[in-house]
Amino acid sequence: MARVVIQECGSYDLEPMTAKLNAAADLLGGWDRFVKPHDTVLLKVNLIGPKTSDSAAVTHSEFVRAMVRILKARGCTVWIGDSSGGAIAGVAPTAASMRTAGYEAVAAEEGAEIRNFDREGVFSVTPESGCEKQMYLARPLQEADVVISLPKLKTHSAQVFSGAVKNVFGCVPGLKKAQYHRMAPAPADFGEIICDIHRAAHIRLHIMDGIIAMQGEGPTAGTVYPAHRILMSEDPLALDTVAAAMIGMKVDDVPILATARRRGLGESSLDRIELAGDDQQVPHLDGFQLPRSYGRTGKGNGKALIRVIDFFASRPVISQAKCRKCNTCVDSCPMHAIDRETKLIDYSKCIGCMCCHEMCMFQAVELKSRNPLAGVISGFFRK
């Protein structure tokens with residue numbers, strides 16, 4: 001039987017929040033079950049884009065701070081990592097997102113390290129679903145001793161709900177995320193890719209920041225809801241089953257979760273989930289607004305999504321005028337797709353991880369929209 005701990009927590013004040021996190025861990029056997037001294041622990045946050053922590057679009061920076069302090073006190077090295085969404089129209093927002101969310105400041109003040117997945121390189125795995133021959137994930141997932149996921153409690157206008165199961169999508173660096181959306185525009189099919197990532201990422205613990213949640217048209221355009229909850233579990237599907245029930249949803253209402261149930265990712269029956277902590281029954285979040293997509297799951301226009309992705313699709317291009325021939329882009333490319341002499345990119349090898357773009361010190365690697373009109377439009381919105 002899976003166990004999900006639910007703790008009431010009314011604010012991001014560090015002392016009471018830390019006490020709630022420690023109490024939750026105790027109900028799962030204590031932190032010693034998950035980490036040991038000298039472990040390198042990756043905190044995989046939810047960093048959808050350059051949003052402030054108070055927006056409820058990202059894992060709150062003070063929630064991350066509390067986890068950093070808990071782990072540092074246990075003698076761990078702590079990394080904070082993710083790859084933001086939005087790298088589709090000549091925009092690479094992860095570095096800016098880390099600053100805007102407050103993670104850079106937390107890392108500097110608490111002695112943690114930022115791991116921008118767009119510049120850390122990749123490792124390859126064979127996806128169980130067979131969606132493609134090789135899947136490329138951010139290397140820190142492989143290099144860390146322990147991975148702890150810190151999802152945000154949010155609605156999602158396309159996927160209905162975003163929680164612990166979906167949080168792994170940021171393990172895919174750079175432009176590849178857009179390619180997966182194109183490959184699987186239907187939410188249930190997209191769930192197959194999400195489950196493949198879970199199988200490869202080996203996340204040890206999931207701790208949901210639901211102190212403030214996002215309702216309505218999440219994951220970025222919704223409004224703040226004071227849910228005042230922290231959820232913790234080793235089972236991402238069980239955690240999401242409980243969290244979804246809190247806002248009035250069932251697993252069948254969320255295609256990603258339904259796919260995760262079919263793939264055996266975890267427990268999805270409330271009758272077989274043991275609740276612990278401050279709530280012995282699933283609390284109901286009164287007045288929580290669901291997205292307009294709720295109730296019409298799976299009926300979205302996948303062809304329209306593909307057309308949008310194709311219209312705004314970008315790829316890295318090395319500017320000969322800006323290039324200083326330092327070869328950092330060549331040496332950082334995990335696929336050896338850049339010619340050392342000409343700096344031309346072999347797009348048949350490029351996986352869109354954006355290491356070349358992120359590592360170039362001279363801004364010579366530009367993300368260019370394949371469609372000239374898309375470049376004009378995306379440039380307008382970046383101003």
- line: Here the pair of heavy atoms bringing S53 nearest to A101 is OG-O, 2.7 Å

query: Would Y12 and M214 show up in the same hydrophobic cluster when neighbours are defined by side-chain heavy atoms closer than 4.5 Å?
result: no

- request: Could you tell me whether a side-chain N or O of K166 sits under 3.5 Å from a main-chain N or O of I256, the two making a donor and an acceptor?
  value: no

task: Using a 4.5 Å cut-off on heavy atoms from C-beta on, say whether the side chain of R74 contacts that of D32.
output: yes

query: Under 4.0 Å between a Lys/Arg side-chain N and an Asp/Glu carboxylate O for R229 and D278?
result: no

task: Give the intermediate values and the outcome of side chain to side chain contact (heavy atoms under 4.5 Å, CB included) for residues K322 and V365.
output: CA-CA 8 Å; K322 296 179 181 178; V365 184; over 6 Å; no

field: Contacts of R69 that satisfy side-chain hydrogen bond (donor to acceptor under 3.5 Å, both in side chains) - sequence neighbours left out
entry: E110

query: Is it true that R139 and E120 make a salt bridge, defined as a side-chain N closer than 4.0 Å to a carboxylate O?
result: no

task: Please answer whether the main-chain N or O of S84 pairs with a side-chain N or O of T94 as donor and acceptor at a distance below 3.5 Å.
output: yes

- request: Of all the heavy-atom pairs spanning F123 and A138, show the shortest one and how long it is.
  value: CE2-O, 3.3 Å

- prompt: Would you call D331 and R340 a salt bridge, taking side-chain N to carboxylate O under 4.0 Å as the test?
  reply: yes

- request: State the CG-OG distance between L275 and S233, to the nearest 0.5 angstrom.
  value: 10.0 Å

field: Any donor-acceptor N/O pair, S61 side chain to Y103 backbone, under 3.5 Å
entry: no

message: Looking at E128, is its backbone amide N or carbonyl O close enough to the side chain of D196 to form a donor-acceptor pair, meaning the two atoms are under 3.5 Å apart?
response: yes

query: Do the side chains of T126 and Q134 get nearer than 4.5 Å, heavy atoms only?
result: yes

query: Quick check: does any side chain N or O of R204 sit under 3.5 Å from a backbone N or O of V35, one acting as donor and the other as acceptor?
result: no

- request: Find out if a path of hydrophobic residues (ILVMFWY) with successive side-chain heavy-atom gaps under 4.5 Å connects L344 to Y347.
  value: no

field: Short side-chain to backbone donor-acceptor contact, D339 and T342, under 3.5 Å
entry: yes

message: Are I203 and P236 packed together at the side-chain level, in the sense that at least one heavy-atom pair is separated by less than 4.5 angstrom?
response: no

task: Could you tell me whether R261 and D252 have a side-chain N and a carboxylate O separated by less than 4.0 Å?
output: yes

V58 and V45: CA distance, side-chain angles, deciding distance, side chain to side chain contact (heavy atoms under 4.5 Å, CB included) verdict: CA-CA 8 Å; V58 300; V45 294; over 6 Å; no

task: State whether the side chain of H284 and the backbone N or O of G248 hold a donor-acceptor pair below 3.5 Å, judged by distance alone.
output: no

- request: Mind running side chain to side chain contact (heavy atoms under 4.5 Å, CB included) on E109 and R65 for me, showing each step along the way?
  value: CA-CA 9 Å; E109 293 160 6; R65 187 191 300 275; 2.9 Å; yes

message: My understanding is that only one of K154, K152, K20 makes a salt bridge (charged side-chain N to carboxylate O under 4.0 Å, His left out) with D209; could you say which?
response: K152

- prompt: Taking all non-hydrogen atoms of both residues, which atom of K349 and which atom of A337 are closest, and how far apart?
  reply: CB-CB, 3.8 Å

- request: Check the surroundings of atom NZ in K250: do more than 12 heavy atoms from other residues, nucleotides or ligands lie under 6.0 Å from it?
  value: no

task: Show the numbers, then the answer: is there a side-chain hydrogen bond (donor to acceptor under 3.5 Å, both in side chains) between D54 and H60?
output: CA-CA 7 Å; D54 290 337; H60 201 285; 3.1 Å; yes

Intermediate values then yes/no, side chain to side chain contact (heavy atoms under 4.5 Å, CB included), E8 and H228: CA-CA 6 Å; E8 290 189 43; H228 296 164; 5.8 Å; no

task: Kindly say whether A188 contributes a backbone atom to a donor-acceptor pair with the side chain of T259 at under 3.5 angstrom?
output: yes

statement: Taken to the nearest 0.5 Å, the spacing of K44 NZ from F117 CZ works out to 6.5 Å

query: Which heavy atom of F288 sits nearest a heavy atom of A213, and at what distance?
result: CE1-CB, 4.1 Å

message: I'd like to know if the side chain of T59 reaches the main chain of N46, judged simply by a donor and an acceptor atom lying under 3.5 Å from each other, with no hydrogens or angles considered.
response: yes

statement: Between the CG atom in D235 and the NE2 atom in H206, the distance rounded to the nearest 0.5 Å is 7.5 Å

message: Counting C-beta onward and ignoring hydrogens, is there a side-chain heavy-atom pair between H198 and R263 closer than 4.5 Å?
response: no

- request: Over all heavy atoms of both residues, which pair between M208 and A164 is shortest? Give the atoms and the distance, please.
  value: CE-N, 4.0 Å

message: Are the side chains of L205 and L28 in contact, using a 4.5 Å heavy-atom criterion?
response: yes

field: Q280 atom CD, over 12 foreign heavy atoms within 6.0 Å
entry: yes

- prompt: Are side-chain heavy atoms of K343 and V330 found at a separation under 4.5 Å?
  reply: yes

message: To check you understand the geometry: which heavy-atom pair defines the closest contact between S11 and I211, and what is its length?
response: O-CD1, 3.8 Å

message: Please report the interatomic distance CD1(I48) to CZ(F169), rounded to the nearest 0.5 Å.
response: 9.5 Å

task: Kindly indicate whether the side chain of I6, heavy atoms from C-beta on, has any atom under 4.5 Å from the side chain of P283.
output: yes

- prompt: Rounded to the nearest 0.5 Å, how far does CG of L239 lie from OG of S149?
  reply: 9.0 Å

- prompt: Atom CD1 in I70, atom CE in M17: separation rounded to 0.5 Å?
  reply: 8.5 Å

query: Between E234 and R33, is there a side-chain N and carboxylate O pair less than 4.0 Å apart?
result: yes

task: Evaluate side-chain hydrogen bond (donor to acceptor under 3.5 Å, both in side chains) for T155 paired with Q215, printing each intermediate quantity in order.
output: CA-CA 6 Å; T155 54; Q215 63 179 345; over 6 Å; no

field: Donor-acceptor pair, side chain of N116 and main chain of D118, under 3.5 angstrom
entry: yes

task: Could you walk me through whether K51 and T220 pass the side-chain hydrogen bond (donor to acceptor under 3.5 Å, both in side chains) test, one step at a time?
output: CA-CA 8 Å; K51 298 289 184 178; T220 60; 5.0 Å; no

message: Quick one, Y225 and L153 - any side-chain contact, counting heavy atoms below 4.5 Å?
response: no

